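Computed from a predicted model, the values in this text were never measured in an experiment. Per chain, numbering begins at 1; letters A, B, ... match sequence-line order.
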Amino acid sequence: MKHLIVVLGPTGVGKTALSLTLAKKFSTPVISADSRQIYKGIEIGTAAATESERTLTEHLFVGIKELGEYYSAGQFEQDVLEKLSNIFEHNDYALMVGGSMMYIDAVCNGMDNIPYVDGETRKNVADIFQKQGLEGIRNLLQLLDSEHYKRIDLKNKQRLMHAVEVCLMTGKPYSSFLSASKKARNFRIIKIGLNREREELYERINTRVEEMFALGLFEEAKQFYHLKDTNALNTVGYKEIYQYMDGVYSDIETVKKMIKQNSRHYAKRQLTWFRRDSEIVWFHPDNINGIISYIESCEK
RNA sequence: GGGCAGUUACCAGAGUGGCCAAAUGGGGCUGACUGUAACUCAGCUGUCUUUCGACUUCGGUGGUUCGAAUCCAUCACUGCCCA
């Protein structure tokens, strides 16, 4: 039986350090499950593995897309499954490490096949929003997919709009694409959750932000100012710097404060998501022996 | 020593007699999440209670009043100005 070891946890908890140890132990590359590290050029702000770390162990799905290029959890699922079948040809273990909740779920449970929304449809829906507001989008969804209308958060503009986009583009209700069923995988998944005391985690996040600035986060972000509206850069650590450049914040100290704060919020959201997954077995990141013996015990 | 201003929940900060457990923002906590998800969105945040509601709060103390965060006296502390 093949095993996929999934190491997950909130930002700043210490996933990278552990992943290097595990990669070595099980002689397997690291598959990064990180929706932002996948982009090239934003290594500092996304705390991607450093170059020396990457020469030590192979890291997949890090820095492989250009900023502004489209990528998604669904695509990640496809790409990783393909990669996994390669790895499993000569490995019993594969290792995936990251904090992007939906990316991890996509690989572990699969996602339904929801069509990619083309630019024209996207624009049409944006126009409707422009003219009729959220109310207009809501009414449209009620008309096109009353099923989904009942379940969706009617204040969540982004999800509302996406559902409408899919309905309009395909001519079918958005909910008709949802099966909510877990896809079978031909390998076993071992989910390891990493967590620390909240206070300790927040402290680590705070000091890491300072470190990022010392490494040149500001300069890194600055060179991509022209791409600030792309999804890849709608990211903690970058958006705050762009807001500063646009005059929203008047000094760098405030920028740092906001980045720390938003990172903490993000970590919290991650924990909320992970908490409901009963398959995750939780460890303190320093408990390497415990983690390894747990993995080995899963073999049977 | 004199003058003025102030002291409100974790923080900032409204409230100047009843509609006040007290606006608003931040922080914090909890949660939702199926394709741009480090996104986007929601709830809670004095105590007890599932709710209704009850109880204790607005620097301390003592008053005025049917009723006080709000008015008066006094004490303490803080800031600014004059010495």
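- Between A:Val107 and A:Val6, every side-chain heavy-atom pair lies at or beyond the 4.5 Å cut-off.
- You'll find the side chain of A:Tyr174 stays beyond 4.5 Å of the side chain of A:Glu147, heavy atoms only.
- The stretch residues 190-205 of chain A participates, sequence neighbours left out, in these side chain to side chain donor-acceptor pair (under 3.5 Å) pairs: A:Lys191-A:Asp277, A:Lys191-A:Glu279, A:Arg196-A:Glu200.
- You'll find the side chain of A:Leu4 stays beyond 4.5 Å of the side chain of A:Lys2, heavy atoms only.
- With both ends at atom C1', the span from B:rU45 to B:rU24 equals 15 Å, rounded to whole Å.
- Using Watson-Crick or G-U wobble geometry with both donor-acceptor distances under 3.5 Å, B:rC41 finds its partner in B:rG31.
- Applying the side-chain contact (heavy atoms from CB on, under 4.5 Å) criterion to A:Val281, with sequence neighbours excluded, gives A:Phe283, A:Tyr294.
- Across the C1' atoms, B:rG60 and B:rU8 are found 15 Å apart, a figure rounded to whole Å.
- Rounded to whole Å, the distance from NZ on A:Lys268 to P on B:rA37 is 22 Å.
- Taking 4.0 angstrom as the limit, A:His265 places a side-chain polar atom (N or O) nearer than this to OP1 or OP2 of B:rG27.
- Rounded to whole Å, the distance from CE on A:Met101 to C1' on B:rC41 is 13 Å.
- B:rC11 and B:rG27 are spaced 7 Å apart, taking the C1' atom of each and rounding to whole Å.
- Between A:Tyr71 and B:rG35, a side-chain N or O to OP1/OP2 separation shorter than 4.0 Å is absent.
- Between the P atoms of B:rU47 and B:rU36, the separation comes to 41 Å (whole Å).
- Rounded to a whole angstrom, the distance from the C1' atom of B:rG46 to that of B:rA21 is 7 Å.
- Between A:Tyr174 and B:rG35 there is a side-chain polar atom (N or O) within less than 4.0 angstrom of OP1 or OP2.
- On the C1' atoms, B:rG13 is 10 Å away from B:rA23, given to the nearest whole Å.
- In this structure, the side chain of A:Gln37 engages the main chain of A:Thr46 through a donor-acceptor pair within 3.5 Å.
- Following rounding to the nearest Å, A:His162 (NE2) and B:rG35 (P) show an atom-to-atom distance of 5 Å.
- Within the 4.0 angstrom heavy-atom criterion, no nucleotide atom of any strand lies near A:Tyr39.
- Across the P atoms, B:rC19 and B:rA69 are found 9 Å apart, a figure rounded to whole Å.
- Spacing between atom CG of A:Leu178 and atom P of B:rG35 amounts to 8 Å, rounded to whole angstrom units.
- We find that A:Arg138 and A:Glu135 are joined by a salt bridge, their nearest charged nitrogen and carboxylate oxygen being less than 4.0 Å apart.
- To the nearest angstrom, C1' of B:rA32 lies 15 Å from CZ of A:Phe274.
- Taking a cutoff of 4.0 Å between a charged side-chain nitrogen and a carboxylate oxygen, A:Arg208 and A:Glu211 do not qualify as a salt bridge.
- Residue contacts shown for A:Ser100 are limited to sugar-phosphate atoms, with no base heavy atom under 4.0 Å away.
- The residue A:Ser263 sits apart from the nucleic acid: no heavy atom pair falls under 4.0 Å.
- Summarising the geometry, the separation between NZ on A:Lys65 and C1' on B:rU36 is reported as 13 Å, rounded to the nearest angstrom.
- One N or O donor and one acceptor, one from the side chain of A:Arg159 and one from the base of B:rC39, sit under 3.5 Å apart.
- For the segment residues 106-123 of chain A, residues with any heavy atom less than 4.0 angstrom from an atom of RNA chain B are, sorted by number, A:Met111, A:Asp112, A:Asn113, A:Ile114, A:Arg122.
- A distance of about 13 Å separates the P atoms of B:rA73 and B:rC4, rounded to the whole Å.
- Of the two residues near RNA chain B, A:Arg275 and A:His148, the one whose nearest nucleotide lies more 5' is A:Arg275.
- Taking side-chain N and O atoms only, A:Tyr202 has a distance below 4.0 Å to OP1 or OP2 of B:rC29.
- In terms of position along RNA chain B, the nucleotide closest to A:Gln261 lies nearer the 5' end than the nucleotide closest to the other residue of the pair A:Gln261 and A:Lys155.
- Nucleotide B:rG1: paired with B:rC82 (Watson-Crick or G-U wobble, both distances less than 3.5 Å).
- Within the 4.0 angstrom heavy-atom criterion, base atoms lie near A:Arg269.
- Atom pair A:Asn156:CG and B:rU36:C1' shows a separation of 14 Å (rounding to whole Å applied).
- Looking only at side-chain heavy atoms (C-beta outward), A:Leu178 and A:Ile114 come within less than 4.5 Å of each other.
- Atom CZ of A:Phe76 is separated from atom P of B:rC39 by 18 Å (rounded to the nearest Å).
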